[in-house]
Visitor: 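Okay, handing you the structure first.
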Amino acid sequence: MRRVSRIAALYRAVDGAAAVEVPQHRMSTAAQFSTSSNKSSAKSNWLFNNLLTDLSARTAAHAVAGTMLFSVAATTLTDEVHAKEAVPPELRPKDLVLYQYEACPFCNKVKAFLDYYDLPYKIIEVNPISKKELKWSDYKKVPVVLVDGEQMVNSSDIIDKLYEKVRSGDSTFDADEESKWRKWVDDHLVHMLSPNIYRNTSEALESFDYITSHGNFSFTERITAKYAGAAAMYFVSKKLKKKYNITDERASLYEAAETWVDALKGRDFLGGSKPNLADLAVYGVLRPIRYLKSGRDMVENTRIGDWYSRMESEVGVSARIQA
């Protein structure tokens with residue numbers, strides 16, 4: 001009975017949906033995942049969070065992965081010190097703390113921005129069940145960022161506000177084009193991922209294997225989330241296929257990757273010679289799956305690999321510091 005009650009608690013936590021960010025421009029549905037990179041171990045960990053707010057509340061409640069979908073991806077980082085986008089010392093925040101799930105996609109977008117601009121940040125890992133780490137805030141979703149004591153929420157808003165703080169001059173890229181593709185990431189690209197990484201039981205378990213050793217969970221929560229979450233997300237992914245009219249998971253993922261490459265129009269990045277915020281958003285979303293089976297297949301069967309490698313070099317190693 002104790003085990004059953006713990007499983008029920010996990011499902012009730014999903015039903016509350018307090019741990020998932022819903023972008024302002026897409027209030028009907030949000031999907032989340034993220035990664036963290038380690039220079040020496042060449043590991044990129046990620047958590048994929050998927051909340052179906054426009055499905056029934058009961059459907060969302062049965063998707064344990066709705067608040068905690070984890071996977072692990074190995075990514076190779078060279079020992080070369082990559083050039084970062086320089087931020088003048090007077091514009092750099094003195095204290096930046098990110099409250100996150102280790103693999104939340106929207107947290108990953110924020111981390112890609114922070115890493116690229118080499119803005120040192122501390123991380124507080126949030127338990128998706130108790131959320132006790134956010135008890136000081138009325139806002140219970142992730143990411144939450146404290147910048148010199150100022151609270152910022154919603155990944156796109158966080159990035160916009162931080163960008164305004166740290167940039168030293170006017171942008172030279174097309175702001176309308178950048179905005180269009182940032183929206184595309186949240187409205188389209190993220191929805192291609194869940195049906196792919198959970199398309200069969202083996203890939204679902206691969207995705208959830210990370211949860212047994214990472215993330216801020218108790219032992220019981222880890223075991224429960226690994227198996228119950230993988231099973232739940234396998235079935236939820238089938239619902240997502242129907243919702244987004246996906247008949248072939250891989251073909252849809254490949255099409256999205258090719259669409260992005262076409263948008264580059266032969267440029268190294270959408271931003272031209274340097275990544276812009278749309279480049280960072282796409283990279284942040286794809287980084288978690290790059291070395292999962294779905295990500296490997298994507299790179300092998302589309303033209304996105306060269307762009308992705310350039311982004312790895314530009315973003316470089318993590319700017320994370322010890323809390």
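Small disclaimer: the values here were computed from a predicted structure and weren't measured. Along the sequence shown, the residues carry numbers beginning at 1.
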Visitor: Using a 4.5 Å cut-off between side-chain heavy atoms of Ile, Leu, Val, Met, Phe, Trp and Tyr, which other residues end up in the same hydrophobic cluster as Y234?
Guide: F235
Visitor: Between NZ of K111 and CZ of R320, what distance do you get to the nearest 0.5 Å?
Guide: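 So the gap between those two atoms works out to 7.0 Å.
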Visitor: Using the test ring-ring contact (aromatic ring centres under 6.0 Å, His included), find all partners of Y121 that sit at least two apart in sequence or belong to another chain.
Guide: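 Expected list: none.
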Visitor: Taking side chain as C-beta onward, heavy atoms only, is F113 less than 4.5 Å from V315?
Guide: no
Visitor: Are K293 and E206 close enough, and set up right, to give a salt bridge (Lys or Arg N to Asp or Glu O under 4.0 Å), and what steps lead you there?
Guide: CA-CA 9 Å; K293 179 170 175 52; E206 176 194 27; over 6 Å; no
Visitor: Please find out if less than 6.0 Å separates the ring center of Y308 from that of W260.
Guide: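 Not under 6.0 Å, so no.
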Visitor: Got a sec, which residues hit side chain to side chain donor-acceptor pair (under 3.5 Å) with S202, two or more places apart in sequence or on another chain?
Guide: N200
Visitor: Are L114 and L162 packed together at the side-chain level, in the sense that at least one heavy-atom pair is separated by less than 4.5 angstrom?
Guide: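 Result yes, sub-4.5 Å side-chain heavy-atom pair found.
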Visitor: Who pairs with S137 by side chain to side chain donor-acceptor pair (under 3.5 Å), at least two apart in sequence or on another chain?
Guide: Q151
Visitor: Identify whether the distance between the nearest side-chain nitrogen and carboxylate oxygen of D187 and K183 falls below 4.0 Å.
Guide: yes
Visitor: Just wondering, do R303 and E258 contact through their side chains at under 4.5 Å, heavy atoms?
Guide: yes
Visitor: Look at the side chain of D279 and the backbone N and O of N276, then say whether any donor-acceptor pair between them is shorter than 3.5 Å.
Guide: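 Yes, because the side chain of D279 sits within donor-acceptor range (under 3.5 Å) of the backbone of N276.
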Visitor: Checking Y117 against E85: is there a side-chain donor and acceptor pair closer than 3.5 Å?
Guide: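 No pair is found: no donor N or O on one side chain lies under 3.5 Å from an acceptor on the other.
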Visitor: Please enumerate all residues that pass salt bridge (charged side-chain N to carboxylate O under 4.0 Å, His left out) together with R92, with sequence neighbours excluded.
Guide: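 By the salt bridge (charged side-chain N to carboxylate O under 4.0 Å, His left out) rule, R92 matches no residue at all.
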Visitor: Which residues pass the side chain to side chain donor-acceptor pair (under 3.5 Å) test with W181, sequence neighbours left out?
Guide: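 Here no residue qualifies.
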Visitor: Going by the rule salt bridge (charged side-chain N to carboxylate O under 4.0 Å, His left out), which residues pair with D148 if we only count those two or more places apart in sequence or in a different chain?
Guide: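 So D148 forms no salt bridge (charged side-chain N to carboxylate O under 4.0 Å, His left out) with any residue.
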Visitor: Verify the neighbour count for atom NZ of K238: are there more than 12 heavy atoms of other residues, nucleotides or ligands below 6.0 Å?
Guide: yes
Visitor: Which atom pairs, one a donor and one an acceptor, fall under 3.5 Å between side chains of residues 249-257 and the rest of the protein, sequence neighbours left out?
Guide:
from, atom 1, to, atom 2, distance (Å)
E249, OE2, K241, NZ, 3.3
R250, NE, D297, OD2, 3.1
R250, NH1, N196, O, 3.4
R250, NH1, N196, OD1, 2.9
R250, NH2, E203, OE1, 3.2
R250, NH2, E203, OE2, 3.3
R250, NH2, D297, OD2, 3.2
S252, OG, D248, O, 3.1
Y254, OH, N301, ND2, 3.3

Visitor: Taking only residues two or more places apart in sequence, or in another chain, which ones meet E164 in a salt bridge (charged side-chain N to carboxylate O under 4.0 Å, His left out)?
Guide: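 Once residues adjacent in sequence are excluded, the partners of E164 under the salt bridge (charged side-chain N to carboxylate O under 4.0 Å, His left out) criterion are R167.
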Visitor: By salt bridge (charged side-chain N to carboxylate O under 4.0 Å, His left out), which residues pair with E150, not counting sequence neighbours?
Guide: K165
Visitor: Given the rule that I, L, V, M, F, W and Y join up when any side-chain heavy atoms are under 4.5 Å apart, are W136 and V97 in one cluster?
Guide: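 Linked within one cluster.
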Visitor: Could you list the residues that satisfy side chain to side chain donor-acceptor pair (under 3.5 Å) with K122, not counting sequence neighbours?
Guide: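 If we apply the side chain to side chain donor-acceptor pair (under 3.5 Å) test to K122, skipping adjacent residues, the hits are D95.
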Visitor: Can you tell me if E90 has over 12 outside heavy atoms packed within less than 6.0 Å of its CD?
Guide: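 Counting neighbours around CD of E90, more than 12 heavy atoms of other residues, nucleotides or ligands fall under 6.0 Å, so yes.
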Visitor: OG/S155 to CG/D186 distance, rounded to the nearest 0.5 angstrom?
Guide: 6.0 Å
